[in-house]
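The first residue of the sequence shown is numbered 1, and numbering continues consecutively from there. The figures that follow rest on heavy atoms only: side chains count, while hydrogens, waters and symmetry mates do not.
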Amino acid sequence: MGLAADATRLAVGIAQEIRQYRNMTPVCRRLDPPGRHDACYLARAAHVTGDIDIHEMAWAGDELWFVNTRFSCLCTLNGIHSFVPRWRPPFVTALAPDDRCHLNGLGLAPESNGQPTPRFVTALAATDTPQGWRERKKDGGVLVEVPSGKVLAGGLSMPHSPRWFRDRLWLLESGKGGLGWVDLSAGRYQSIAELPGFTRGLDIHGHLAFVGLSQVRESAVFSGIPIAERAPADRNCGVWVVDLRTGQTVAFLRFEDAVQEVFAVQVLPGLRYPELGPEDPKLLADSYDLPSSALEAVPPQLRSVRAEPGKGLRAAAV
C-alpha cells in the first residue's frame with residue numbers, strides 16, 4: 001500500500017509489516033545486465049505492525065510517518081511497539097481497529113525552520129462509527145489540517161494524496177478521477193483535470209504531476225461514486241503525467257493486463273534503472289553498509305564510497 005522513497009532509502013507498507021530498504025549503489029556492478037543499474041535498494045529491516053490497513057507514508061527528516069487507516073490515526077515507529085499513535089482527527093473519539101473515517105492521505109509541508117512535518121490528511125468522511133464513512137463516500141470526503149484538526153475542505157468524493165508544492169495544496173478527488181488544488185482561504189477544491197481512472201497516488205516534479213490510476217473494482221466500496229458510472233474503457237490502470245500549468249496529459253503508462261490498481265507513486269529524480277530488493281541471497285550475505293567512521297579500517301580493495309545528500313559519505317563494503 002504505502003510507499004516512501006528517495007535516492008537513499010525506501011519504505012513499503014504491506015499487509016502486516018513495514019519493510020525498509022537502503023540504496024547500496026556499489027552493489028549495482030554485481031547486477032545483470034552489467035552496467036545498466038544506477039541504484040540497488042537492499043532490505044534493511046522489517047517491522048511488524050499487525051493488520052492496520054496502512055495507507056500513505058512519508059519521511060519527515062529521519063522519522064517515518066504513516067497513515068494507520070484501521071485505527072484512524074497517524075503513526076510512527078519506535079522499534080518496540082507495533083506502532084506509536086501520534087495524531088488522530090478530533091472527530092474520532094477512540095483508538096479502535098474499526099476504520100471510522102477511512103483516513104488515507106498524508107501530506108508534509110515545511111515548518112518555519114524548513115524541516116518537513118505532517119500538515120495535511122484526507123479522509124473519506126468525518127465520521128466516528130465503525131465503517132461509518134461508507135454511507136458518505138460519494139461526497140463526504142474531507143481535507144484536514146494537522147495538528148489543529150481543522151477541516152479545510154469538505155464535500156469531496158473519496159479524496160487521496162494531499163501534496164504541498166510551490167505554496168499550493170494539491171490533491172486527488174479519486175471518486176471523480178480528478179486532480180486539482182485547494183483554495184485554503186475559501187475551503188474550495190479547484191479541479192484542473194479529470195483522468196480516465198480512479199486517481200490515487202501522486203508525486204510532483206517540476207511542473208509535472210505523476211498520478212496513479214486504478215480500475216474500479218466491482219465491489220460495494222466503489223458503488224455509487226461517479227467514476228464507477230463510467231464505461232470500462234474510461235477506467236484505466238497506470239501512471240498519467242499531467243502538466244500542472246495547463247491540466248493537459250503529456251504522457252501515460254497504461255497497464256493492459258495483470259495490474260488493476262496503483263496505490264502510490266514516487267518520483268526518484270536522477271535514477272533511470274533502479275533495482276528493488278534483488279532476491280539473490282549472496283547479495284544480502286556479503287553486501288555491508290557501514291558508517292563512514294568505520295571506513296579506514298576496511299581494506300581498500302573491499303570498500304566503495306557513496307555520498308548521501310546532507311549526510312556526507314557512507315561506506316559500502318562489498
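Under a 3.5 Å cut-off, the side chain of Asp51 and the backbone N or O of Gln16 do not form any donor-acceptor pair. Judged by distance alone, the side chain of Glu173 and the main-chain N or O of Ser157 form a donor-acceptor pair under 3.5 Å. Without hydrogens or angle criteria, Thr117 side chain to Glu111 main chain gives no donor-acceptor distance under 3.5 Å. Thr127 places a side-chain N or O within 3.5 Å of a backbone atom of Trp133 that can act as its donor or acceptor partner. Side-chain atoms of Trp87 come within 3.5 Å of backbone atoms of Pro147 as a donor-acceptor pair (strictly under, hydrogens ignored). A donor-acceptor pair under 3.5 Å links the side-chain atoms of Ser161 to the main chain of Gly201, judged by distance alone. Using a distance-only test at 3.5 Å, with no hydrogens or angles considered, a donor-acceptor pair links the side chain of Ser214 to the main chain of Val262. Listed for the Arg30 side chain is no donor-acceptor partner under 3.5 Å among the backbone atoms of Leu283. When atom types are taken as modelled, the side chain of Asn23 and the backbone of Arg9 share no donor-acceptor pair closer than 3.5 angstrom. Looking only at distances, a side-chain donor or acceptor of Asp128 sits under 3.5 Å from a matching main-chain atom of Thr93.
Counting only heavy atoms from C-beta outward, the side chains of Val27 and Glu275 never approach each other to under 4.5 Å. Side-chain atoms of Met1 and Phe66, non-hydrogen and from C-beta on, never get closer than 4.5 Å to each other. For the pair Trp240/Arg254, a side-chain contact is recorded, criterion being any heavy-atom separation below 4.5 Å from C-beta on. Contact of the Leu143 side chain with the Leu169 side chain is registered, since non-hydrogen atoms from C-beta on lie closer than 4.5 Å. In this structure the side chain of Gln190 never reaches within 4.5 angstrom of the side chain of Arg168, judged on heavy atoms.
The number of heavy-atom neighbours closer than 6.0 Å to CD of Gln131, taken from other residues, nucleotides and ligands shown, is above 12. A 6.0 Å sphere centred on CG of Asn113 holds more than 12 heavy atoms belonging to other residues, nucleotides or ligands.
A distance of 3.5 Å separates CD1 in Ile54 from CD1 in Ile18, rounded to the nearest 0.5 Å. From Trp164, atom CH2 reaches atom CG of Leu184 across 5.5 Å, with rounding to the nearest 0.5 Å. Separating the CZ atom in Arg136 from the NZ atom in Lys138 is a distance of 13.5 Å, to the nearest 0.5 Å. Atom SG of Cys75 and atom CG of Leu95 lie 7.5 Å apart (nearest 0.5 Å). Asp32 CG to His37 NE2: the interatomic distance, rounded to the nearest 0.5 Å, is 8.5 Å. Of the inter-residue distances, the one linking Leu244 atom CG with Leu179 atom CG reads 6.5 Å to the nearest 0.5 angstrom.
Here the shortest heavy-atom pairing between Pro274 and Tyr41 reads CB-CE1, 4.2 Å. The minimum heavy-atom distance linking Ala39 with Cys28 is given by the pair N-SG, 3.3 Å. The two residues Met57 and Val12 come nearest to each other via the heavy atoms SD-C, 4.1 Å. Shown here for Gly247 and Ala193, the closest heavy-atom pair between the two residues is O-CB, 3.5 Å. Minimum heavy-atom separation, Val121 to Leu103: CG2-CD1, 3.8 Å. The shortest non-hydrogen separation linking Cys101 to Ala125 is CB-O, 3.0 Å.
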Does Gln215 form a side-chain contact (heavy atoms from CB on, under 4.5 Å) with Phe255? I'd like the steps, not just the answer. CA-CA 10 Å; Gln215 297 175 359; Phe255 298 112; over 6 Å; no
After noting the C-alpha distance and the side-chain angles of Leu213 and Thr199, does the key distance pass the side-chain contact (heavy atoms from CB on, under 4.5 Å) rule? CA-CA 5 Å; Leu213 264 63; Thr199 47; 4.0 Å; yes
Stepwise side-chain contact (heavy atoms from CB on, under 4.5 Å) check, Leu74 with Val67: CA-CA 5 Å; Leu74 293 183; Val67 178; 3.7 Å; yes
Determine, stepwise, if the pair Leu108 / Trp65 fulfils side-chain contact (heavy atoms from CB on, under 4.5 Å). CA-CA 10 Å; Leu108 307 184; Trp65 287 73; 5.5 Å; no
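The pair Arg163-Glu56 meets the salt-bridge criterion, with a side-chain N (NZ, NE, NH1 or NH2) lying under 4.0 Å from an Asp/Glu carboxylate O. Between Lys282 and Asp280 there is no salt bridge, since no side-chain N of the basic residue sits under 4.0 Å from a carboxylate O of the acidic one. The pair Asp99-Arg134 does not meet the salt-bridge criterion, since no charged nitrogen lies less than 4.0 angstrom from a carboxylate oxygen.
Under the 4.5 Å side-chain heavy-atom criterion for ILVMFWY residues, no single connected hydrophobic cluster contains both Val211 and Phe120. In the hydrophobic clustering of this structure, Phe263 groups with Trp59; members are Ile, Leu, Val, Met, Phe, Trp, Tyr whose side-chain heavy atoms approach within less than 4.5 Å, directly or through other members. Leu106 is not connected to Leu3 by any chain of hydrophobic side-chain contacts under 4.5 Å among Ile, Leu, Val, Met, Phe, Trp and Tyr, and they are in different clusters. Follow the hydrophobic side-chain contacts under 4.5 Å out from Leu172 and you reach Phe165 in the same cluster. Residues Val267 and Leu253 share a hydrophobic cluster, clusters being chains of Ile/Leu/Val/Met/Phe/Trp/Tyr side chains in contact below 4.5 Å.
For the pairing with His55, the side-chain hydrogen bond (donor to acceptor under 3.5 Å, both in side chains) check across Thr122, Asn104, Thr69 returns one residue only, Thr69.
With hydrogens and angles left out, the side-chain atoms of Thr76 and Arg86 include a donor and acceptor closer than 3.5 Å. If you check the side chains of Arg245 and His207, you find a donor sitting under 3.5 Å from an acceptor. Between the side chains of Asp243 and Gln248, no donor N or O sits under 3.5 Å from an acceptor N or O.
Phe83 has its ring centre no less than 6.0 Å from the ring centre of His47.
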